[in-house]
Amino acid sequence: MAETAFMDKLTALCKRRGFIYQSSEIYGGIGGFWDYGPLGVELKRNIKDLWWRDMVTNPPNGADGHEVEMVGVDCSIIMNPKVWEASGHATGFADPMVDCRQCKARFRADKIWQLLVLQEEATEAFFKAREFERDNPGSKVNTEAGLLLAVGAEADGAAEVMSRAQSLIRSEAKKRNVAPLKRASVTDVKRKALFAVAESDNDESTGYLGVLARPVQVALEIQVCPNCQSVGTLTEPRAFNLMFQTYVGAVQDDSAKAYLRPETAQGIFVNFKNVLDTTRVKVPFGIAQVGKSFRNEINPRNYTFRSREFEQMEIEFFCHAADSMKWYEFWRKVRFDWYVNLGLKSEKLRLRDQGPEELAHYSKACADIEYLFPFSDEHQELEGVAHRGNYDLTQHAKHSGKDLTYFDDEAWERDKANFGGDKAKEKTAKNAEPYRFLPTVIEPSAGADRATLAFLCEAYTEDQAPDENGVMQTRVLMKFHPKLAPIKVAVFPLVKKEGMPDIAQAIYRDLKQHMTAFYDDKGAVGRRYRRQDEVGTPFCITVDGDTLKDGTVTIRDRDTLAQVRIHKDAVRDWLRERLGR
RNA sequence: GCGGGUGUAGCUCAGUGGUAGAGCGUCACGUUGCCAACGUGAAUGUCGUGGGUUCAAGUCCCAUCACCCGCUCCA
């Protein structure tokens, strides 16, 4: 793919200029973890800071035309493990899962075995094997011979099931135009399957995963979806939890097990009541959080795009169900525009509404903000804006036993006269909609590292610029939006004499109090410009002979190479105007 | 997770079983008069890691780790 060369050049630049390093590099690295270098940390922090400023400190006016009320939290990464039971992360994905590509059904891999066409027979054989063990004390049915012996008695019934499975597989394979199964006969498969079941039951040394792995493997070899009966459409099982496990306290037993959070959102939900009780916010309002999350990705890849440790920028926006679609539309647009305004070109950036089949059962709508990265032919998710209903608060209310409902004082004060002073009626009405309710949540959840990578990809540019002889040369530059640029301004003396360095340094010392600034007096000025181009510094200020006479300096634009000349005392305001601060 | 590929200086890469290399970059000094390739000089490597074969391994073999590509996957 031609774009591989692009990523190679970008990753080389990121390393060379200190944007991104591989984690633990001198020890050979570690898969799925990355470090930000001196320039990378500035870039990423600019992204996070701007997000916070634009979404929390000073968000745009809301769907109702009023100012949007936003507050922040910063929650611990390790939480009570019950949080993950409530959220579904611990239970839903602790088991190996298998998906059908055809009908999108998902099965627990250990259950799929029971659902398959050979179900009855296998179960039967399994119990036969158990009986055999019981009737023959001291023996273990953990050999193929022993199992076949156990199955032997049921040979007649087995033949029927087998031929049914065989013909089903053949016809499905033909219908879907997929390659027929490679094995000689289903008998073989069946034998292996039965063996695997017995073995997994007897062998505890392989543990939970080992026990499941074999029957699952066999089930996959048979390749019939229990739901839609398609052949060859099942994925391999994802046979482990994506949660990072750890232990709290020095004793590492099961009671001390805990997890590094796989998302920052749950910290917000868990603190929903705290924020309500302590900050005078009123629905609708949002809680924001920026922080690290951890997922044991099966296959981290594509540079920093899918890392095992990553940073999220999440908002949970709480509103009344009746207004929720308005707010959903609001955030969907606000978040998309945010990327555009910071320089992601709209032809590579896409706002994609998820189809009904993609939505979680509790979700009314979800839109992904996706970017066409150079390493992929398809758009990849930067951020998801999800309408989550009141699922999360419901779950936490249920699991914690705490009341997480919201009471709308204003609406009640407005309406309570309608109940004519009937205390019983009032009491009933107060504790129901629309006065007391579990807020609906709109969740814009962005990946800080993914955004950083997208801005890096977008910024990388090669163009032609003249050298000192007027010959065009390839120039590499990072066209960061000035607000994102790691270094805002570089200050140079044109040459290192006649007092130019002193003036330049004075300018530099003034500027660095207000923005990231860089001073350089080494080598030809053209070379210094190019060095700044490569790290995306939008403006370079040069002190020259005229400065000595009239106090003016040149400001050179990274993208156009154009220069303007202004008085050195006006430089700071000139820059701040263009940096939006 | 499977298959294929790569791993040598900060970056890009040469390197036939026999002394560790180039270009760019970096640093120092000189030069400098607005867009990288002027001069002189300098630093830089357990050749990804660990074993093995060999008199001798960057080179051959095995294992392992990381990255890239394809499939797979991505709440």
Side-chain angles (χ1 to χ4, degrees), chain A residues 1 3-5 7-9 11-18 21-34 37 84 87-94 96-99 101 106 213 217 220 234-243 262-263 265 293 295-303 305-306 358 360 363 366 375-377 380-381 384 386 445 464-477 492-498 500 521-534 540-548 553-558 561-563 565:
Chain A
M1 200 189 299
E3 296 289 16
T4 303
M7 285 308 291
D8 286 350
K9 282 192 277 192
T11 53
L13 184 145
C14 284
K15 170 75 187 290
R16 191 169 70 238
R17 305 311 301 262
Y21 310 125
Q22 196 184 359
S23 170
S24 325
E25 191 182 309
I26 62 169
Y27 289 102
I30 175 169
F33 297 90
W34 300 88
W84 310 113
S87 69
H89 289 90
T91 51
F93 292 87
M97 303 295 279
V98 171
D99 294 302
R101 283 185 280 257
R106 172 173 285 169
Q217 260 171 19
L220 289 171
L234 296 179
T235 62
E236 285 179 18
R238 292 172 298 151
F240 46 84
N241 194 342
L242 299 184
M243 301 260 279
E263 61 174 36
S293 293
R295 297 182 191 182
N296 240 325
E297 297 288 352
I298 297 170
N299 190 357
R301 204 172 274 197
N302 289 332
Y303 206 27
F305 183 79
R306 182 167 298 124
E358 290 178 85
S363 178
C366 185
F375 53 72
S376 172
D377 294 332
Q380 304 279 337
E381 181 179 343
S445 169
Q464 298 290 313
D467 65 13
E468 60 180 347
N469 301 315
V471 179
M472 297 306 273
Q473 302 286 347
T474 297
R475 178 177 74 126
V476 173
L477 67 157
F492 310 142
L494 183 60
V495 289
K496 213 176 354 179
K497 57 185 184 188
E498 294 169 22
M500 292 183 204
D521 61 12
K522 304 218 170 37
V525 73
R527 171 182 297 259
R528 285 176 261 159
Y529 285 143
R530 294 297 168 88
R531 269 199 282 247
Q532 293 304 316
D533 290 341
E534 211 180 35
C540 292
I541 291 169
T542 302
V543 171
D544 60 15
D546 288 356
T547 315
L548 305 175
V553 296
T554 61
I555 302 182
R556 175 261 199 188
D557 183 273
R558 175 194 67 201
L561 307 181
Q563 292 187 2
R565 177 167 282 277

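Chain A is the first sequence line, chain B the second, and so forth, proteins listed ahead of strands; every chain is numbered from 1.
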Give none if U44(B) has no partner; otherwise give the nucleotide forming a Watson-Crick or G-U wobble pair with it, both distances under 3.5 Å. none
Nucleotide paired to G3(B) in any strand shown, Watson-Crick or G-U, under 3.5 Å: C69(B)
Tell me every residue that passes ring-ring contact (aromatic ring centres under 6.0 Å, His included) with F305(A), counting only those two or more places apart in sequence or in another chain. F373(A), F375(A)
Value in whole Å for how far the P atom of A66(B) lies from CH2 of W34(A): 11 Å
Mind checking if T554(A) touches a base, just sugar-phosphate, or nothing, with heavy atoms under 4.0 Å? base
Determine the interatomic distance between C1' on U44(B) and the same-named atom on A22(B); round to the nearest Å. 14 Å
Counterpart base for U12(B), defined by Watson-Crick or G-U wobble contacts under 3.5 Å: A22(B)
Please tell me if the side chains of M243(A) and N296(A) come closer than 4.5 Å, counting only heavy atoms from C-beta onward. no
Describe the nucleic acid contact of A12(A) in one word from base, sugar-phosphate, nothing, applying a heavy-atom distance below 4.0 Å. sugar-phosphate
Provide the distance between the two P atoms, one in G3(B) and one in A75(B), to the nearest whole Å. 26 Å
Anything under 3.5 Å between a protein N or O and an N or O of nucleotides 5-10 of chain B, put it in a table, one pair a line.
| from | atom 1 | to | atom 2 | distance (Å) |
| --- | --- | --- | --- | --- |
| G10(B) | O3' | K15(A) | NZ | 3.4 |

Does any non-hydrogen side-chain atom of L561(A) lie less than 4.5 Å from one of Y529(A)? no
Which part of the nucleic acid, if any, lies within reach of M472(A) when heavy atoms closer than 4.0 Å are counted: base, sugar-phosphate only, or nothing? nothing
Would you measure the distance from the P atom in C34(B) across to the matching atom in U46(B) and give it in whole Å? 43 Å
Would you indicate which nucleotide in A75(B), C35(B), G33(B) comes nearest to any side-chain atom of K497(A)? G33(B)
Could you work out, with side chain to side chain contact (heavy atoms under 4.5 Å, CB included) as the rule, every residue matching V495(A), not counting sequence neighbours? K497(A), M500(A)
Do K522(A) and R527(A) touch side chain to side chain, with heavy atoms closer than 4.5 Å? no
Determine which nucleotide pairs with C29(B), using a 3.5 Å limit on both distances of a Watson-Crick or G-U wobble pair. G39(B)
Between G33(B) atom P and D546(A) atom CG, what is the distance in whole Å? 15 Å
Could you check whether any side-chain N or O of R528(A) sits under 3.5 Å from a backbone N or O of P493(A), counting only pairs where one atom can act as donor and the other as acceptor? yes
My understanding is that only residues two or more places apart in sequence, or in another chain, count here; which of them pass salt bridge (charged side-chain N to carboxylate O under 4.0 Å, His left out) with R556(A)? D533(A)
Counterpart base for A63(B), defined by Watson-Crick or G-U wobble contacts under 3.5 Å: U49(B)
Between C73(B) and A66(B) - P atom distance, rounded Å: 22 Å
Nearest-angstrom distance from the residue atom CZ of F375(A) to P of C71(B): 14 Å
Once you round it to whole Å, what is the distance between P of A66(B) and CG of N302(A)? 16 Å
Side-chain heavy atoms of Q532(A) within contact of R558(A), under 4.5 Å: no
Remember a base hit wins even if backbone is also touched, and classify Y303(A) as base, sugar-phosphate or nothing at under 4.0 Å, heavy atoms. sugar-phosphate
Considering every strand and a 4.0 Å limit on heavy-atom distances, what is the contact class for G32(A): base, sugar-phosphate, or nothing? sugar-phosphate
Whole angstrom value for the distance that separates P of A66(B) from CD1 of I30(A): 7 Å
Sequence neighbours left out, what passes salt bridge (charged side-chain N to carboxylate O under 4.0 Å, His left out) with R530(A)? Give chain and number order. none
Between U16(B) and A56(B), how many Å separate the two C1' atoms, rounded to a whole number? 16 Å
Compare side-chain N and O positions of R527(A) against OP1 and OP2 of U26(B) and report whether any pair is under 4.0 Å apart. yes
So which one's nearest nucleotide on RNA chain B is more toward 5', R530(A) or R295(A)? R530(A)
Rounding to an integer number of Å, can you tell me how far Q532(A) CD sits from A36(B) P? 15 Å
C1' spacing across the pair A14(B) / C47(B), given as an integer number of angstrom: 13 Å
Nearest-Å distance, CD (Q22(A)) to P (C68(B))? 9 Å
Work out how far the C1' atom of G4(B) is from that of A42(B), and round it to whole angstrom. 43 Å
Of the listed nucleotides C34(B), C69(B), C35(B), the one nearest the side chain of R556(A): C35(B)
Which nucleotide sits closest to the side chain of E498(A): C35(B), A75(B), G33(B)? G33(B)
Residues passing the salt bridge (charged side-chain N to carboxylate O under 4.0 Å, His left out) test with D544(A), sequence neighbours excluded, are R565(A)
Under 4.0 Å, counting only non-hydrogen atoms across every strand here, what does R301(A) touch: a base, just sugar-phosphate, or nothing? base
Please report the distance separating the C1' of C67(B) from the corresponding atom of U32(B), rounded so that it comes out in whole Å. 43 Å
Can you tell me how far C1' of G30(B) sits from CG of D521(A), to the nearest Å? 15 Å
